[in-house]
Amino acid sequence: MTKSRKLFILCAVVGMAVGLLSPAMTGGVKTAQAQTLAISTLVPPSPHGAPASKNQFGEQGIPTATLPGGEVRSDSLGAAGNFTQNPTPSSSATANHPMVPPYQGTLVVRVADPTGKRVAKAKVILIDANGRIVQSGDTNGAGQWETHISYRADPRLSMTQPLGTTTALVFAKGYNEAVVFEVPLAPYAVQPVTLTPFILGRRNEPLAALGNIHRHTVADMLDYYAAQVGIARQSAKDLPMRVPANATTLRQ
Amino acid sequence: MRRIAPVLSLLVSLVVLAWSATPVKAQPLPTIYNTQQPAVVRVAIRAFNNPWAPILWVQTVGFQEYCSDVLPNEWMPSWNPQALEAGALAIKMFAWYSTLHPVTSQGFTYDVDNTINYQYFKYLSGTPQTDAAVKSIWNTAYVPPNGEILPLEYRSGWHDGPNWAFVGSGFMSQWGSQYLASMGHTFLQILNLYYPDRVLRWVS
């Protein structure tokens, strides 16, 4: 065996050993960490300092429902589905699992018709961001359904206080159905819904509406994201005396 | 005869002038002393609370119920109770004034609409905190010393300060009211800052 052939075999053996060991030692883990970091940097930070827990993919605020009975649902499609992204955590790990919603709130859904009459026995269904039903119930004689719900802070809206969101579907006999998107969830949130009556001979299609997001929350959202690109809302500089003289023409 | 005619025509002219110049009986100034609080408010409902949207219908709601369904949308329900009470009184006076000055538009007659053209109203949106604030100020009015019913205007303002540009302007800052309340000011002190020429009066 020549000297050059010996050197070649030695290099090949060393190279194979390094190739086998490196994924387990450093390379694979570092790659996964880098990937997680890269994803998490895309998520806007929580501006109010609220806990910004992330799941194992580095994503923020993927909602998982914790029902009042303590049952925790993963964001998979469920037992019937063939797509399971995150397994349901074991009960011992529930308290610290990043998928457990950290905030508890009360949502009051009040249903009425255009005349102001409260709609009793309306069915309300709440859907999470993954399309799963998290809760449902019926309105009482006063047209009200109140429920306690766990939620994760939605970073888009949580500028001054942690707010979550859900989607509400409302069904009531004699009325057109309604879907209310982005219903805010807070320690105490109220979502009014006005159902239009079912009229024979009309098209009677469902109504889509936006949730009861507060004016100040909308303004804060604009301020927060405008500042990130170096612009500002002009109303921040408006003083009462600068309001145009024709500002009241809309009332006519 | 020729001399009498000009004098006669002058006299007739004077009589006609005097008759036409008789002062019209003026409407009394609406004050808290001669005007009852309204029982109801007629609210023009615009789609999605959009101030530019056409009017869908006019909803008649009780006066207190109207205020209870405006306050949580104008002030944030989680704010300091004193800020909420200042807001509740401003909302009440604005609505009271508006019921005395109804408008007709698009075939509807109404006192206010449900948008920021007037005050942001959402039926059935009251919360326990804001309902309590409305109730606590309900037997009061904040008016000039002569008791005239005038609106208390307000604007959003900005965070973390008393909003000095609004102080004494006759416009209350909503965020300013929250800041002042968190600094320990009462609702009356807050109102005094923004509306210096008004006084608190009891009404039934």
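Numbers restart at 1 for each chain; the letters A, B, ... are given by sequence-line order, proteins then strands.
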Shorter than 4.5 Å, heavy atoms on both sides: which option in Q144(A), Q191(A), R118(A) has the most such pairs with chain B?
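The candidate making the most pairs under 4.5 Å is R118(A).
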With respect to chain B, which residue among T115(A), D220(A), T194(A) yields the maximal number of heavy-atom pairs within a distance under 4.5 Å?
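Most pairs with chain B among the choices: D220(A).
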Under 4.5 Å from a heavy atom of chain B, the part of V111(A) involved:
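When you check distances to chain B, only backbone atoms of V111(A) fall under 4.5 Å.
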Chain A contact via F48(B) - side chain, backbone, both or neither, heavy atoms under 4.5 Å
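Contact with chain A is through the side chain of F48(B) alone.
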Let me know if W75(B) has heavy atoms under 4.5 Å from chain A in its side chain, its backbone, both or neither.
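Looking at W75(B), just its backbone touches chain A.
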Under the side-chain contact (heavy atoms from CB on, under 4.5 Å) criterion, do W145(A) and L126(A) qualify, and how do the steps go?
CA-CA 12 Å; W145(A) 176 59; L126(A) 300 183; 4.0 Å; yes
F166(B)-F171(B) aromatic ring centre distance below 6.0 Å:
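Ring centroids of F166(B) and F171(B) are no less than 6.0 Å from each other.
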Side-chain contact test, heavy atoms from C-beta onward, threshold under 4.5 Å: evaluate it for Q119(B) versus V112(B) and give yes or no.
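Q119(B) does not reach V112(B) side chain to side chain.
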Any non-hydrogen side-chain atom of T109(B) less than 4.5 Å from a side-chain atom of R42(B)?
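With C-beta onward as the side chain, the pair touches.
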Pair V103(B), Y118(B) - check side-chain contact (heavy atoms from CB on, under 4.5 Å), show working.
CA-CA 12 Å; V103(B) 296; Y118(B) 292 86; 3.7 Å; yes
Would you mind telling me which of H159(B), Q129(B), E74(B) has the largest number of heavy-atom pairs within less than 4.5 Å of chain A?
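Looking at each option in turn, the highest pair count goes to E74(B).
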For chain A, the option from S78(B), P77(B), G126(B) that forms the most heavy-atom pairs under 4.5 Å:
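The residue among S78(B), P77(B), G126(B) with the greatest pair count is G126(B).
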W57(B) atom CH2: more than 12 heavy-atom contacts under 6.0 Å:
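For W57(B), atom CH2 is crowded (more than 12 foreign heavy atoms under 6.0 Å).
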